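Owing to the predicted nature of the structure, the values given are computational and were not obtained by experimental measurement.
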There are 2 protein chains.
Amino acid sequence: MPTKDTSTEQLIKETAKRIFFTEGRLHATTQDIADAAGVNRAALHYYFRSRDQLIDTVFQEAMQALSQRLASVMESPSPFRKKIEELIEVFLADMVAYPYQETFMVTQLNTLGHQLIERIHINPTNSFLAEVEREMEKGTLEKMNPIHFLMNLFSLLSYPLIMAPLYCQFFGLSETAFKQLMDERKELISRLLFKD
Amino acid sequence: MPTKDTSTEQLIKETAKRIFFTEGRLHATTQDIADAAGVNRAALHYYFRSRDQLIDTVFQEAMQALSQRLASVMESPSPFRKKIEELIEVFLADMVAYPYQETFMVTQLNTLGHQLIERIHINPTNSFLAEVEREMEKGTLEKMNPIHFLMNLFSLLSYPLIMAPLYCQFFGLSETAFKQLMDERKELISRLLFKD
DNA sequence: TGCAAATTTAACATTTTAGTTAAACAAAAA
DNA sequence: TTTTTGTTTAACTAAAATGTTAAATTTGCA
């Protein structure tokens with residue numbers, strides 16, 4: 001029963017995402033992807049026409065996902081502090097599943113000379129930035145350019161997971177010990193940002 | 001006058017580092033590197049025997065550099081707070097010059113299945129971690145696993161520079177506006193970590 | 001200067017990766 | 001069942017990337 005979306009096309013895409021975003025093998029070939037998906041390499045061309053098309057699809061969907069994830073959290077009706085805690089929860093879960101998603105995107109942007117970025121529409125984070133600024137007026141957050149607040153937040157969430165292979169080696173951590181640490185970070189990040 | 005270290009071999013290595021670490025073009029070919037260095041591609045093989053060798057050399061030297069940078073800062077005789085501010089200064093300058101150095105290393109580790117990491121000797125950060133712990137006892141820092149403190153520090157320093165292409169697009173920042181922000185971060189990070 | 005060593009190059013060979021095609025196969029419809 | 005449509009595969013071609021060689025060139029020094 002063909003043409004279902006839970007079909008080979010989907011499988012290939014999912015596999016590509018796993019290799020790129022989860023395993024962080026940014027140089028993976030079509031062969032690598034086909035093998036991992038358990039299909040012939042030509043199937044890949046059948047569904048995506050070319051490697052570049054597949055990469056592009058994966059890239060656009062990642063950008064889409066990021067955009068939506070941001071929007072859904074930022075437009076949540078919860079009060080600010082709660083909203084940030086939701087964001088931490090959502091993003092941390094996502095970083096565990098796909099630690100190299102953003103790295104993949106940046107690498108693509110760097111190699112393709114930012115032509116890609118023209119096509120990208122990003123929903124306004126402005127209302128959220130304004131909300132952050134109001135919190136700073138209230139004194140809940142230290143006064144700074146609200147962009148810093150967001151950068152701090154994403155940095156604290158993302159970087160340790162990207163650097164996991166290095167950190168585990170560096171600090172002599174087992175995988176479980178590392179996971180334990182990552183779990184601790186949920187409250188830790190919230191506390192750090194809100195200084196309480 | 002051959003065998004000088006300021007020679008072609010050095011040039012090739014520097015160029016490779018620029019492409020990988022500065023420009024973040026992680027898929028660059030030997031041709032790309034040779035072209036950028038203004039030498040014949042075979043020169044690359046003359047000095048490094050193979051692409052893998054060149055990559056390996058670059059990787060090892062990056063690891064070495066990171067190790068030394070860490071050691072030099074951690075073993076500084078300054079008092080703790082000063083020491084951290086030195087670290088921020090040093091690492092931020094380095095991240096501006098080579099934002100994708102760590103990304104490159106992690107990507108290598110991910111593709112080569114962590115065989116590389118066996119060969120890596122890392123000088124003990126333990127004494128430094130102990131020092132961090134003492135500061136927590138003193139109350140200068142919030143109590144937590146000192147590894148968190150280091151992760152926070154490196155995250156806040158590194159991640160915004162890695163994500164620069166995305167952030168500039170996202171927040172509609174010009175290059176100069178972004179640089180301005182990065183400059184502000186020196187004091188900002190210090191304040192955030194020390195809660196003052 | 002002229003020799004010897006190191007360096008650089010051009011031309012070629014090999015390997016890897018990407019892309020194409022036509023035929024085999026499977027499933028649904030006639 | 002046969003036809004039709006969509007899917008998958010094996011075999012092949014093309015292009016790109018890596019690796020090799022031997023000759024030309026440069027450089028330091030006897």
Can you tell me if Arg49(A) has over 12 outside heavy atoms packed within less than 6.0 Å of its CZ?
no
Less than 4.5 Å apart, any side-chain heavy atom of Ser190(A) and any of Phe194(A)?
yes
Residues Glu137(A) and Arg134(A) bridged, charged N to O under 4.0 Å:
no
Just the rounded figure in Å: distance from [atom2] of [N] to [atom1] of [X].
X: Phe48(B); N: dT8(C); atom1: CZ; atom2: C1'; answer: 15 Å
X: Gln10(A); N: dT7(D); atom1: CD; atom2: C1'; answer: 16 Å
X: Leu54(A); N: dT17(C); atom1: CG; atom2: C1'; answer: 14 Å
X: Tyr46(A); N: dA18(C); atom1: OH; atom2: C1'; answer: 19 Å
X: Glu9(A); N: dT8(D); atom1: CD; atom2: C1'; answer: 14 Å
X: Ile55(B); N: dA17(D); atom1: CD1; atom2: P; answer: 14 Å
X: Asn40(A); N: dT21(C); atom1: CG; atom2: P; answer: 16 Å
X: His27(B); N: dT17(C); atom1: NE2; atom2: P; answer: 14 Å

Give a yes or no on whether the ring-centroid distance for Phe104(B) and Phe20(B) is below 6.0 angstrom.
yes
Could you tell me whether the phosphate oxygens of dT8(D), OP1 or OP2, come under 4.0 Å of any side-chain nitrogen or oxygen in Tyr47(A)?
yes
Are Tyr159(B) and Leu156(A) close enough, and set up right, to give a side-chain contact (heavy atoms from CB on, under 4.5 Å), and what steps lead you there?
CA-CA 8 Å; Tyr159(B) 195 71; Leu156(A) 293 165; over 6 Å; no
May I have the step-by-step check of side-chain contact (heavy atoms from CB on, under 4.5 Å) for Leu188(A) and Asn152(B), ending in yes or no?
CA-CA 10 Å; Leu188(A) 189 147; Asn152(B) 291 346; 3.6 Å; yes
Report, one pair per line, the protein and nucleotides 18-21 of chain D atoms (nitrogen or oxygen only) whose separation is under 3.5 Å.
residue, atom, partner, partner atom, Å
dT18(D), OP1, Arg51(B), NE, 2.5
dT18(D), OP2, Thr30(B), N, 2.9
dT18(D), OP2, Thr30(B), OG1, 2.6
dT18(D), O4, Arg41(B), NH2, 3.3
dG19(D), OP2, His45(B), NE2, 3.2
dG19(D), OP2, Arg51(B), N, 2.8
dG19(D), N7, Arg41(B), NH1, 3.1
dG19(D), O6, Arg41(B), NH2, 2.6

